[in-house]
Protein chains: 2
Amino acid sequence: MLDTTDKKLINLLQNDCKQTTKQLSLQLNLSVTAVYERIKKLEKERIIKKYVALINKNKIEKSFLVFCHIKLIQHSKEFVTTFEREILKLEEVSECFHVSGDYDYILKIYVKDMDEYRDFMVTKLTAIKYIGSTHSTFAIEEVKNTSSIII
Amino acid sequence: MLDTTDKKLINLLQNDCKQTTKQLSLQLNLSVTAVYERIKKLEKERIIKKYVALINKNKIEKSFLVFCHIKLIQHSKEFVTTFEREILKLEEVSECFHVSGDYDYILKIYVKDMDEYRDFMVTKLTAIKYIGSTHSTFAIEEVKNTSSIII
DNA sequence: ATATAATTTAGATTTTTTTTCTAATTTTGA
DNA sequence: TCAAAATTAGAAAAAAAATCTAAATTATAT
């Protein structure tokens, strides 16, 4: 199981994974090897899934964020699997969750602007079969946006 | 501006930022130094924001995901800033966006289970002043969940 | 079109970091 | 309490990052 040191280490790496083991060792009051072995263990156990670069979306013209709520016309196995397979192909969709409530799916979509979103809706999203209705909610401001979970 | 090589490099790093410059150089048909200099430039221009470890939420007992829609009782400057300041303090909230539509905010909240969510709602979230109403939508399945934007 | 400047790239070298190894220490469980 | 297992530390080796110089490419102005 994870002890306090593991949790601290995970939190440090969720915030900056390019720190050297030396830097981490100083913050954790451990030796370089101790930190190294703990990291290897976390990677092996797949608690650490991957290491990624986070991109400033403003600088690559993908700062228009839309939450798109989608309802399918029916919930048969075929409809669900077809829809989900098609969604995976759309690179504008960064997240898609099957959810409870009025709508079946919530999608997080990054595009350049409203024009590009309209284009995405018309040519890509609504081209997917079995979509009953959609409801788009536009982000006005990013209050908090972190990839990390403090543990 | 970003050329095709930069874009390829960004996409590679968004997927795995721990690759050596040697590995990247082979995929991009460039020398090690060329890749190195391009990365440094992307970091300096803040196109690459940061490097982080992504954690498997199932393994740390934070696999219960809720989208919480919140409406404030009023939209005055004071209400908005107070609410946003308090939200930033809540570690269960990984994302919070001010949005258009029926609700003012969409929050993405990771907790252990429904019990922990109820506890979070009662003791933390609704303790914040100025919240008018909330509507919780629960994730049934993660179809797609990526931190990257393909460019 | 051509010379000049600026940028990008390559290869070699130095510096830093990672990884491995061995031994010591601590923790766990019978 | 004692033995086994796991964790840790420090040193050494291997690998990678960072730096430097020079060459090549690209862009710019004339």
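Naming convention: chains lettered A, B, ... in sequence-line order (proteins, then strands); numbering from 1 in each chain. The model shown is predicted, which means the values in this text are computed figures rather than measured ones.
Whole-Å rounding puts the A:Lys22 NZ to D:dA11 P distance at 11 Å. Between the P atom of D:dT26 and the CG atom of B:Asp6 lies a distance of 15 Å, rounded to the nearest Å. Atom CD1 of A:Ile39 and atom C1' of D:dT7 are 15 Å apart (whole Å). Per the geometry, CD belonging to A:Glu37 stands 14 Å off C1' belonging to C:dA23, to the nearest Å. In this structure, CD of A:Gln19 is placed 17 Å from P of D:dA17, rounded to the nearest angstrom. Between A:Met1 atom CE and C:dT27 atom P there is a gap of 19 Å when expressed in whole angstrom units. Atom CG of A:Leu9 and atom P of D:dT7 are 14 Å apart (whole Å). Distance, B:Arg38 CZ to C:dT7 C1': 11 Å, rounded to whole Å.
Comparing C:dT20, C:dA10, D:dA9 by their closest approach to the side chain of B:Ser31 singles out C:dA10. Of the listed nucleotides (D:dT7, C:dT19, D:dA9), D:dT7 has the atom at the smallest distance from the side chain of A:Lys41. Each of D:dA16, D:dA9, C:dA10 was ranked by its minimum atom distance to the side chain of B:Leu30; first place goes to C:dA10. Checking C:dA10, C:dT18, D:dA9 against every side-chain atom of A:Thr21, the shortest atom distance belongs to C:dT18.
B:Tyr110 carries B:Lys57 over the face of its six-membered ring, with the cationic atom under 6.0 Å from the centre and within 45° of the normal.
Using a cut-off of 4.0 Å between Lys/Arg side-chain N and Asp/Glu carboxylate O, B:Lys62 and B:Asp113 are scored as not salt-bridged.
With B:Lys144 contributing its side chain and A:Leu88 its backbone, the two residues share a donor-acceptor pair below 3.5 Å.
Backbone-only engagement by A:Lys40 is indicated by non-hydrogen atom pairs under 4.0 Å involving sugar-phosphate atoms exclusively. As judged by a 4.0 angstrom heavy-atom cut-off over every strand, B:Thr33 is placed among the base-contacting residues.
The aromatic ring centroids of A:Phe138 and A:Phe67 lie 6.0 Å or more from each other.
Listed pair B:Tyr36 / D:dA18 meets the phosphate criterion, a side-chain N or O lying under 4.0 Å from OP1 or OP2.
Atoms SG and NZ, from A:Cys96 and A:Lys108 in turn, are 12.5 Å apart once rounded to the nearest 0.5 Å.
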